[in-house]
Amino acid sequence: MQEYLKGLNDQQKEAVEHINGPLMIVAGAGSGKTKVLTTRIAHLMNRGVDAFNILALTFTNKAAAEMKERIEKILGSSEARNLYIGTFHSVFAKIMRAEANKLGYPSNFTIYDTDDAKGVIRDIVKDMNLDDKHYKPAFIYNRISAAKNSLIDPVRYKLDPHITSEDAKSSRPLLGDIYDAYAKRCFRNGAMDFDDLLFKMYVLLVNFPDVLAKYQHRFKYILIDEYQDTNEAQYQIIKLLGAVHENICVVGDDAQSIYSFRGATVKNILQFQDDYDDVKVVKLEQNYRSTQSILNVANKVIANNKNQIEKSLWTSNDLGEKITLVRTLTDNDEGRFVADAITEQKLRNHYHNKDFVVLYRTNAQSRSFEESLRRMNIPYRLVGGVSFYQRKEIKDYLAYLRLIVNQQDEENLKRIINYPARGIGKTSIERIQIAANQYDKTMWEMLQFPDMLGIKGAGASAIENFVVMIKSFQVMLEKGNAYEVAFAVGKHTGLVQELYNDKSVEGLARYENVQELLNSIKEFTETPDEEGELLDKSLGSYLQQITLLTDADNNNDEDQDVVKLMTIHAAKGLEFPCVFAVGLEENLFPSAMSMYSREDLEEERRLFYVVITRAKSRLWVTYANSRYRFGQLVQNDPSRFVDEIPEEYLERNFTGASHKAQSQIGGGFGNSIPKNGNAFEKTPSLKKLAEKIQQKSAPVPQHKPSGDFIADDPMAMEVGMEVEHQKFGFGKILTLEGGANNRIAAIEFKDGHGQKKIMLNYAKLRIVR
DNA sequence: TGATGCTAACTTTTT
DNA sequence: GTTAGCATCA
């Protein structure tokens, strides 16, 4: 028997050893899914399958990287190198890069992230003279995204009676036209958004039989991770690619389907057996991750959902500790409880920071945990949230690089044509835009003919300089590598200088971020070519790669001893010894938006199932009686999911709530709490208490003006005086300029606010001494 | 034309 | 509480 087959249980072995024909692996949480996938790939190759013929698709770069790494461990890196392993988006982007010309796109097409796409939509809404309060870009984006994920193009969108009536009902009858305009604009810009990478891939395969045949032949064996999260577009593409050989292996768990908002449909996994003949089904039901207590709770909770693939997850692990249910008064108390519990556990049970994770439903919940952890000096890292590549200074820099690679792209052209300021103002840009529309050219093309724009003098020469500069970068692109071009851009545009000159705290961070970007480009270009394979190190290749990276992928320093904070969605596939499931409150988890349909509610429950099953040995479930949302204190009942945890596995800890609050609330669960948010008005003592706790826990993030704050006359200010600002707190006046109506003070503030220029007409200052 | 500060909107989850 | 877009003034 092969070495790699040892240590597999019977079911796992059965899945690994199945070679030809469709295979569905129903893999319960913690049942060794990745192990089976990677071992199976190794086994295929061991049986003579060429690495070039294997395609493995995942949802995250992290999962792809992990798979690759594990296969390398079994086979050695030279064997594994030629495997095609990646996310749906990155694999399709790579293929599209080779085939884009067939669809009329440049091979260096730009990939728009969500922000870019919303920007295009905002422009279109403006052009159509619509109210963007009603035609909200985010709403429209979601609508278009849903259409693309269902493979509906603008023409079909406008003809579909169901869709049009829906849009009519929400009185947005022009959505179809916006979709149409958006698709055309992206095409003209030579750009694809995330959904296009799937949608256009499908179009490519359907319209070009030779291309389809090529990839069908190439990918004789296809493996798909997290199959329960695939959407219609992904489903159809897989069906096309696998149609000849039917060696499709899907791995998934219907109980962990949590992406329906992105068009994923559990139907794909539920119906897999109907899609192909002779589907081999293997169920992995032994859980190697969690204690019995945790697993039993998870099983009990998920049993409340209907419509599942039948399976019973079991474990031979110890019973373990009970689940701790924690009630606190406010969200800040919740944060404090978690920080305290971590400190205690580290002392008592010798855990490390990296053994803990805090999992929440929405990103906005991270604040109170960050504050409490910081106060306790516990190092932590926020996973997810704003990606490095979404920061303004990075997007500005990248906009140059993207324009150089793809001049069709107007979004990025507009972003930097006057940044740093070079005298090409609003009116000029507008003129260029109008002329471009008029002559049906791109804005870049119009820039070549400034006389046709009616722009003269300084404006014209500014444009000319800009064009010359961009062109010189393009010339460099032919000879230099990505890093050399990027470095030259930073230098010659003045971008780096501009950031360097900004000595404020934020400015310094921005400068450092840009340096980090340059380092990453350098690293990219310096990755050595591997034997037999020349890596594509062009700038275009780099840009396509990074747009598909998320923040979570970026943190490769796994071993750092820090507490992790993330959303439940981001935690999919991960495991931790100690898990805090926080914010278990009605309207938050389950989310207020999910309460109207059984399907949505069941997805929330699956989400709860995912949280529980992340835990190996300890699980805390917490909720707060009231929390700040929208900057306002609102009250929520405990989540209905809390009641689904069997009593025998629970241990209650209400130390976070005071006796007073407890007697107010009563011993029961939720039912005695007033339902609507005005409870505090009725019980002033409770309100005061909550406010007191709130104040005590606020770590001076924002200055509160002194009680005797009365603004002084701007003209009374003198250099060297100590003053108080309503927001920034205390500081010292460094310089003063301007007359009575335009007096500007440069002030060095304490408490990390740094140096700021304040216009004394608007911001009021109080002289301290 | 550019910088500042104000306002409104925001909260589901992400490649 | 935060942030992005906007209005406003020099």
Side-chain angles (χ1 to χ4, degrees), chain A residues 57-64 86-93 111-115 117-119 122 132-133 136-138 142 145 149 193-198 226 229-231 233-234 258-264 331 359-368 371 384-387 390 392 418-428 459 547-553 566-572 583 587-595 600 603-604 606-607 610 627-634 698 701-702 726-727 737-739 741-744 756-763:
Chain A
L57 295 171
T58 66
F59 274 86
T60 64
N61 294 294
K62 204 174 185 178
T87 64
F88 281 91
H89 290 85
S90 73
V91 167
F92 294 167
I111 297 174
Y112 281 165
D113 66 22
T114 312
D115 286 341
K118 283 180 192 161
R122 189 170 292 119
D132 70 353
K133 296 260 156 55
K136 284 181 200 149
N142 285 333
S145 173
N149 286 328
D193 63 20
F194 288 144
D195 303 311
D196 281 330
L197 291 174
L198 308 180
E226 310 276 13
D229 288 330
T230 51
N231 60 34
Q234 288 160 327
I258 53 173
Y259 280 101
S260 74
F261 68 94
R262 226 166 72 189
D331 46 354
L359 298 176
Y360 35 76
R361 179 69 244 270
T362 67
N363 276 309
Q365 284 165 260
S366 70
R367 206 203 83 254
S368 63
E371 281 174 8
V386 187
S387 157
Q390 314 238 37
K392 188 190 170 296
N418 198 35
Y419 178 81
R422 54 172 68 86
I424 306 174
K426 241 191 217 153
T427 14
S428 297
T547 313
L548 297 172
L549 287 181
T550 60
D551 197 40
D553 303 317
M566 63 184 97
T567 63
I568 300 161
H569 284 84
K572 190 178 72 167
N587 295 319
L588 182 63
F589 189 13
S591 138
M593 285 160 149
S594 70
M595 306 243 190
D600 289 351
E603 177 146 324
E604 295 285 312
R606 289 194 293 270
L607 216 38
V610 169
R627 74 171 57 240
Y628 277 87
R629 262 182 122 183
F630 261 150
Q632 267 193 327
L633 201 62
V634 294
Q702 185 89 65
Q726 289 198 328
K727 251 187 183 169
E737 50 188 295
N741 295 321
N742 180 31
R743 207 156 164 79
I744 298 169
K756 292 204 190 303
K757 284 195 173 176
I758 304 284
M759 292 182 83
L760 300 180
N761 281 3
Y762 305 106

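Given the structure is predicted, the values throughout are model-derived calculations rather than measurements.
To the nearest angstrom, P of B:dT12 lies 15 Å from CZ of A:Arg627. The CZ atom of A:Arg122 sits 12 Å away from the C1' atom of B:dA9 (whole-angstrom rounding). In this entry the distance linking CG of A:Asp229 with C1' of B:dT13 reads 11 Å, nearest Å. Atom pair A:Lys133:NZ and B:dA8:C1' shows a separation of 8 Å (rounding to whole Å applied). Residue A:Tyr259 contributes atom OH, which lies 6 Å from atom P of B:dT15 at whole-angstrom precision. To the nearest angstrom, C1' of B:dT14 lies 14 Å from NZ of A:Lys62. Rounded to a whole Å, the CG atom of A:Asn61 is 14 Å from the P atom of B:dT14. For the pair A:Phe59 CZ and B:dT15 P, the computed distance is 11 Å after rounding to whole Å.
Across the interface with DNA chain B, nearest-nucleotide mapping of A:His569 and A:Lys136 shows A:Lys136 to be the residue nearer the 5′ end. Between A:Asn142 and A:Ser428, the residue whose closest nucleotide on DNA chain B is further toward the 5' end is A:Ser428.
Between B:dT11 and C:dC6, the two C1' atoms lie 22 Å apart (nearest whole Å).
Distance from the side chain of A:Arg367 is smallest for C:dG1 among the nucleotides B:dT11, C:dG1, B:dT14. Checked against B:dG2, B:dT13, B:dT15, the side chain of A:Thr567 finds its nearest nucleotide in B:dT13. Of the candidate nucleotides B:dC10, C:dG1, B:dT12, B:dC10 has the atom nearest to the side chain of A:Phe630. The A:Ser591 side chain lies nearest to B:dT12 when the options are B:dT12, B:dT13, C:dT2. Of the candidates B:dC10, B:dT11, B:dT15, the closest approach to any side-chain atom of A:Arg629 belongs to B:dT11.
Neither OP1 nor OP2 of B:dT14 sits under 4.0 Å from any side-chain N or O of A:Lys572. Residue A:Thr114 places none of its side-chain N or O atoms closer than 4.0 Å to OP1 or OP2 of B:dT15. Between A:Asn363 and B:dT14 there is a side-chain N or O to OP1 or OP2 distance below 4.0 Å.
Looking at heavy-atom distances under 4.0 Å, A:Ala592 makes no contact with the nucleic acid at all. As judged by a 4.0 angstrom heavy-atom cut-off over every strand, A:Phe194 is placed among the base-contacting residues.
For the 3.5 Å distance criterion, the side chains of A:Gln365 and A:Thr362 qualify, holding a donor opposite an acceptor. Residues A:Ser591 and A:Ser594 bring no donor and acceptor atom of their side chains to less than 3.5 Å of each other.
You'll find the side chain of A:Arg262 reaches within 4.5 Å of the side chain of A:Phe59, heavy atoms only. A:His569 has its side chain within reach of A:Leu607: a pair of non-hydrogen atoms, C-beta onward, lies under 4.5 Å apart.
Both tests do not hold together for A:Lys572 against A:Tyr259: distance to the six-membered ring centre under 6.0 Å, angle to the ring axis within 45°.
With hydrogens and angles disregarded, no donor-acceptor distance shorter than 3.5 Å links the side chain of A:Asp193 to the backbone of A:Ile111.
Evaluation of A:Phe261 against the base of B:dT13 yields a stacking contact (centre distance < 5.5 Å, interplanar angle < 30°).
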